[in-house]
Amino acid sequence: MTARHDINANQGETLNLHILYTDSNDDGIDLSSYTAEMKVKRTFLGDSSLLYLTQGGGITAGLTGSTGGITGGIFLNIDATGGSQTGGIRIIAGSTATSYIPDGRHHYDLEIKYSPTGETTRIVEGRFECDGETTR
């Protein structure tokens, strides 16, 4: 079952989100054989991503897919501070990346893929609301 979580972000401010992926006993699931990706789009059916993050520091932002000066990515088996945690998923989008996200209500999801079989699981989805930045 896919979890639902709405994200409220500020344009031009670093987004730092930590999720703990657990089994039915609330034990962290070892994610060492997984890859992950997250997309933020204006609509569910849209082709263009406003923000695209992948495991290990892959990130593009904006409708043109900018990468210059952009930091962030998805880090697996990591706790909220960067230490080790089985089942921990840390999502970071630096301030430059979030500056490309337009003000408004968008949609996102986070999927993990089990590398040996290719089985993909959407673990969380929801609204991605971005408040515009006045000071630039």
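In this chain, residues are counted from 1 in sequence order.
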Mind checking whether Y52 and M38 have side chains closer than 4.5 Å, heavy atoms only? no
Please examine the side chains of F128 and D109, heavy atoms only from C-beta on, and report whether any two atoms are closer than 4.5 Å. no
So, the side chain of T117 versus the backbone of E119: is there a donor-acceptor pair under 3.5 Å, distance only? yes
Which value, rounded to the nearest 0.5 Å, describes the distance between Y34 atom OH and E111 atom CD? 13.5 Å
Can a side-chain donor-acceptor contact be found between Q85 and H18 if the only test is distance below 3.5 angstrom? yes
I'd like to know if the side chain of D6 reaches the main chain of G126, judged simply by a donor and an acceptor atom lying under 3.5 Å from each other, with no hydrogens or angles considered. no
I want to check something: taking the side chain as every heavy atom from C-beta on, are I92 and F75 in contact at a cut-off of under 4.5 Å? yes
Side-chain heavy atoms of R42 within contact of P102, under 4.5 Å: yes
Considering all heavy atoms of both residues, which atom of A61 and which atom of A97 are nearest to each other, and what is their separation? CB-O, 3.6 Å
Path from Y21 to I78 over hydrophobic side-chain contacts below 4.5 Å: no
If you round to the nearest 0.5 Å, how far is CG of L31 from CG of N77? 4.5 Å
Short side-chain to backbone donor-acceptor contact, N25 and D27, under 3.5 Å: no
On a heavy-atom basis, which atom in G132 and which in Q11 lie closest, and how many Å separate them? CA-OE1, 3.4 Å
If you draw a 6.0 Å radius around NZ in K41, do more than 12 non-hydrogen atoms from other residues or ligands fall strictly inside? yes
Shared hydrophobic cluster for I112 and Y114 (ILVMFWY, side-chain gaps under 4.5 Å): yes
Any L15 side-chain heavy atom under 4.5 Å of I7 side chain: yes
For D103, enumerate each residue passing the salt bridge (Lys or Arg N to Asp or Glu O under 4.0 Å) test, keeping only those at least two apart in sequence or located in another chain. none
Has S33 got a side-chain atom pairing as donor or acceptor with S115's backbone, closer than 3.5 angstrom? no
Would V124 and Y108 count as a side-chain contact (heavy atoms from CB on, under 4.5 Å) if you check the C-alpha gap in whole Å, the side-chain angles of each, and the deciding distance to 0.1 Å? CA-CA 9 Å; V124 65; Y108 84 96; 3.5 Å; yes
For G104, is there any backbone N or O sitting under 3.5 Å from a side-chain donor or acceptor partner on E129? no
Find the distance between OG1 (T98) and CD (E13) and round it off to the nearest 0.5 Å. 7.5 Å
Side chains of D30 and S32: is there a donor and an acceptor less than 3.5 Å apart? yes
Drop me the distance from I59's CD1 to E37's CD, to the nearest 0.5 angstrom. 13.5 Å
Is any side-chain heavy atom of N16 closer than 4.5 Å to a side-chain heavy atom of R90? yes
Atom pair NZ (K39) and NE2 (H107), whose distance is rounded to the nearest 0.5 Å: 15.0 Å
Got Y100 and L50 here, is their nearest side-chain heavy-atom distance under 4.5 Å? no
What is the minimum heavy-atom distance between A36 and L76, and which atoms define it? CB-CD2, 4.0 Å
Spatial distance of atom CD1 (I123) from atom CD1 (I19) [nearest 0.5 Å]: 5.5 Å
Ignoring hydrogens and geometry, is there a side-chain-to-backbone donor-acceptor pair from N10 to D131 under 3.5 Å? no
Nearest atoms (heavy-atom pairs only) where Q55 meets T35: OE1-CA, 2.8 Å
